[in-house]
Structures are given as C-alpha cells and as structure tokens.
Amino acid sequence: MSKRMLFSMVALLSGFTFTANLVSQNASPKGATDAVNQEKWNNVPPRKSAYAGKKSGPAPRRDISGIWDAIGFDGGLQVNGAHEHPALLPQKGGGPEGGTEAGAGVDGGRPDETGIVHPLPYTPLGLATLKANKPSGPGVRQVPAALANDPLDQCDPIGFPRMELFELRTIELAQTANQVIYLNGWYGNWRVIWTDGRELPKDPEPRWNGYSVGKWVDDYTFVVETAGLNPRSWLDHAGRPHSEDLRVEERFHRVDHDNMELTVTITDPKMYTEPWQGLNKFPLHLQPADFDIPELLCSPIDMAEYNRRVGSVVLRESEKK
C-alpha cells in the first residue's frame, strides 16, 4: 500500500469517535463474525457469508420497518465511489470494490475518470465541477489527504444521498401512519419520508437531506422521491457533484421477511446527461429487534487535532515529490 493511500485511509477514519466495539469492527475481521454480536450495546453485524443459504419467511405486506444491515465490509462502505460506479480502472479478477491491484487506480493522481470501470455521463458543467472536487480516495483522482477538499473533512453534514452511497452500514426504518423515519448511525443522520400524499415543494430552500415523499407502488415496493438538496454536499466518496436540481429515487423492495433490495437512481440534468444508478438492488438484511446500532459521529475537535498532527506532515511529504 502506498504512503499516499495509507494516509488517505487514515484521514477517512481518524476524525471520528468510535466505541471499543466499533474500533474492533473496523480494525480486525474478528469483530465481524458470522453471528450477530450478542452484547446488548454497540452490536456488530455478521459478514456476508452468514446469510448464504439462510431460509426466510414471506415478506409482510407494505412493511419495511426494522433494523437493516448493508454488510458494510462486503460492499456497503463504497470507499471508491458509488457501488455501481467505482472510480477505479479495470482489474484482473474480483470486483473493483476496495481494489488494490496494481493499475486499478487506487493511488490516484489522474485529472478525471477516463477509463474507469463504469464511467458516468457527465455534462461539461458536471465534468468541470468533478475536477474541482478533490477526494482523498482511494480512486483514480485521489489526492494526498491534506490537499483534499471533501466537505466531510470539516465535519460538514454528510447529506443525502451520500449517506447511502458512502459508508452504508446499518439503518433503522420506523413506520407511522404518515411517515417513514430513517435512522442512520453514520454521522447521526435521520430523515423523515412523508407518506400522507403531499407533493414535493416547488421551490424549496435547500436542505442537506432534502425533502422526501414516499408511496407504495405494490405490496412489497416502497418508492421515495427526494428533492431540494444542498449542492455543497458530494454524492459519494469519489467527489461526484450534484446541483440544486438533483432528484433522487429510492426503491425499497422487500424480497421476503429477512431481505430487502435498495436501488438508488440519480437524476440531475445539469451535471449528468442521463439518470444513473448508484445502487442497483443492493441487499439489506434484517437484524434482530434488539440490535443496538453503534454511534459514528464526526468530532470537529478530533478532526482539527488530526489535521494539526498528521495532515501537515502528509502535505510536506507530497511537496517533496
């Protein structure tokens, strides 16, 4: 692993406050066992292999409530960009997620995304805005951590849809008569999805998580439309941009009792010439009702201390090259 990549990955994690269990989850595979951690607090979800061949009962009608895990270490983290469009070059064998093979592009240094596995349809404005965003990678456009301008490095809100296109781990969905409440421990995010028949606002004041309305299109598929999103946020960890005209569709399809699929579609004609999917039938797995979701918050104090102790060192190293 190159020094640039190592420091970039440290930068990604260092500004956050972790509980003891969560540190073990990130640092060692031992924390992510094939059975749900039986402790009552800061639970660790199982790895992907735990779900293989597992039988499930039928899906309940018009119900997506529960605690759902996105098997973060098996695809949900999306450190290279949105799952369907990682900012990596083709590599031999295996998928591009977390790719470290020589030539995959994880060391960055490229001005744009030419040659990546699944390129995005940028408009001229979209491409120019992409080039202005400096991600810390790992990906083809990665820069040293101290030169990155990722809003998360300042503990800005992660915003939507980045909360689903980066570090998607465990979420909780709760249904009421008029709402679906979406809770996400990453950055302490929460959203309200209105189901009372209201329309999206016509000229909304931008919000980090936008304005969301949802409806059932059949007994097992819940579709959410979101607009009014703050253009200062990024779509993913590769620095993909969006404008104030962004519209996002989420499609939650409950396959059976224990499994659900999430599809996220991006529509932003200012930045992209056609809609594209960040997630396509991405698997979510139901967790026990007493599963405790760990807290993952950005601490400005810790982030400033990291920048003081480490960020300046990385910058000096990069200036030598």
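Any value given below was found using the heavy atoms of this structure, including those in side chains, with hydrogens, waters and symmetry copies removed.
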Next item on the list: Indicate whether any N or O donor in one side chain lies under 3.5 Å from an N or O acceptor in the other, for Ser233 and Asn230.
Entry: no
Check: Roughly how far, to the nearest 0.5 Å, is CE of Met271 from OG of Ser243?
Finding: 5.0 Å
Notebook entry, point to check: Of the options Thr263, Val213, Val217, which is the one that meets Val223 in a side chain to side chain contact (heavy atoms under 4.5 Å, CB included)?
Noted result: Val217
Note to self: For Tyr182 and Glu250, which I'm curious about, is there any donor-acceptor pair between the side chains at under 3.5 Å?
What the structure shows: no
Next item on the list: Kindly give the heavy-atom pair with the smallest separation between Pro90 and Val117, and that separation in Å.
Entry: N-CG2, 3.8 Å
Next item on the list: Might you point out which heavy atoms bring Leu88 and Gly139 nearest each other, and give the distance in Å?
Entry: CD2-CA, 4.2 Å
Notebook entry, point to check: For residues Thr226 and Arg247, is any side-chain donor paired with an opposing acceptor at under 3.5 Å?
Noted result: no
Next item on the list: Answer with yes or no whether the side chains of Asn189 and Asn209 bring together a donor and an acceptor at under 3.5 Å.
Entry: yes
Item checked: Any pair counted as salt bridge (Lys or Arg N to Asp or Glu O under 4.0 Å), so long as it reaches residues 204-213, sequence neighbours left out -> none
Check: Hey, are the side chains of Trp186 and Cys298 touching, using non-hydrogen atoms and a 4.5 Å cut-off?
Finding: no
Item checked: Lys270: partners by salt bridge (charged side-chain N to carboxylate O under 4.0 Å, His left out), with sequence neighbours left out -> Glu244, Asp245
Checklist line | Closest non-hydrogen atom pair between Pro241 and Asn133, with its separation | finding: CB-ND2, 3.9 Å
Next item on the list: Please round to the nearest 0.5 Å and tell me the distance separating atom NE2 of His237 and atom CD of Glu167.
Entry: 8.0 Å
Margin query: I need the minimum non-hydrogen distance between Thr123 and Pro269, along with the two atoms involved.
Written below: CG2-O, 3.6 Å
Check: Does the side chain of Leu120 come within less than 4.5 Å of Arg240's, by heavy atoms?
Finding: yes
Next item on the list: Would you check if Pro135 and Trp234 make a side-chain contact, meaning some heavy-atom pair closer than 4.5 Å?
Entry: yes
Margin query: For Trp216, give me all partners under ring-ring contact (aromatic ring centres under 6.0 Å, His included), at least two apart in sequence or on another chain.
Written below: Phe222
Checklist line | Modelled atom types, side-chain donor and acceptor of Asn259 and His285, under 3.5 Å | finding: yes
Next item on the list: Quick one: pull up CZ in Phe291 and CG in Asn42 and give me the separation to the nearest 0.5 Å.
Entry: 9.5 Å
Item checked: Which residues share a ring-ring contact (aromatic ring centres under 6.0 Å, His included) with His242, sequence neighbours left out -> none
Next item on the list: Dump the intermediate steps for side chain to side chain contact (heavy atoms under 4.5 Å, CB included) on Asn184 and Trp190, then the final yes or no.
Entry: CA-CA 6 Å; Asn184 187 330; Trp190 61 276; over 6 Å; no
Next item on the list: For Phe252, check ring-ring contact (aromatic ring centres under 6.0 Å, His included) against everything at least two apart and list the hits.
Entry: none
Item checked: Electrostatic pair Glu84-Lys281, nearest N-O below 4.0 angstrom -> no
Item checked: Smallest separation among heavy atoms of Ser136 and Gln142, with atom names -> O-CG, 3.2 Å
Margin query: One thing to verify: whether Asp112 and Arg141 come together as a salt bridge, which I'm taking to mean a side-chain N less than 4.0 angstrom from a carboxylate O.
Written below: no
Item checked: Within-4.5 Å side-chain heavy-atom neighbours: Asp63 and Arg254 -> yes
Notebook entry, point to check: Quick one: are Leu147 and Lys134 in side-chain contact, heavy atoms under 4.5 Å?
Noted result: no
Notebook entry, point to check: If you measure from the Lys or Arg side-chain nitrogens to the Asp or Glu carboxylate oxygens, is any gap between Arg47 and Asp74 under 4.0 Å?
Noted result: yes
Checklist line | Rounded distance [0.5 Å steps], CG in Asn178 versus OG1 in Thr195 | finding: 5.5 Å
Notebook entry, point to check: So, for Trp276 and His85, is the gap between ring centers shorter than 6.0 Å?
Noted result: yes
Item checked: Side chain proximity check, Arg162 to Leu152, heavy atoms < 4.5 angstrom -> yes
Margin query: I'd like to check Met163 versus Tyr187 (side-chain heavy atoms, cut-off strictly below 4.5 Å). Are they in contact?
Written below: no
Next item on the list: Compare all side-chain heavy atoms of Tyr272 with those of Tyr122 and state whether any distance is below 4.5 angstrom.
Entry: yes
Note to self: Once rounded to the nearest 0.5 Å, what's the spacing between atom CG of Leu173 and atom CD1 of Ile64?
What the structure shows: 5.0 Å
Next item on the list: Scan side-chain atoms only and decide if Asp69 and Thr170 contain a donor-acceptor pair under the 3.5 Å cut-off.
Entry: yes
Next item on the list: Assess the pair His253 and Tyr220: is the distance between their ring centroids shorter than 6.0 Å?
Entry: no
Next item on the list: Any chance you could measure Leu279, atom CG, to Arg251, atom CZ, to the nearest 0.5 Å?
Entry: 14.0 Å
Next item on the list: For side chain to side chain contact (heavy atoms under 4.5 Å, CB included), just list the numbers for Met260 and Val255, CA-CA rounded to whole Å, side-chain angles, deciding distance to a tenth of an Å, and then say yes or no.
Entry: CA-CA 5 Å; Met260 187 157 62; Val255 178; 5.9 Å; no
Margin query: Membership question, hydrophobic clusters at under 4.5 Å side-chain separation (ILVMFWY): are Trp208 and Leu168 in the same one?
Written below: no
Note to self: Checking Asp203 now: which residues fulfil side chain to side chain donor-acceptor pair (under 3.5 Å) with it, not counting sequence neighbours?
What the structure shows: none
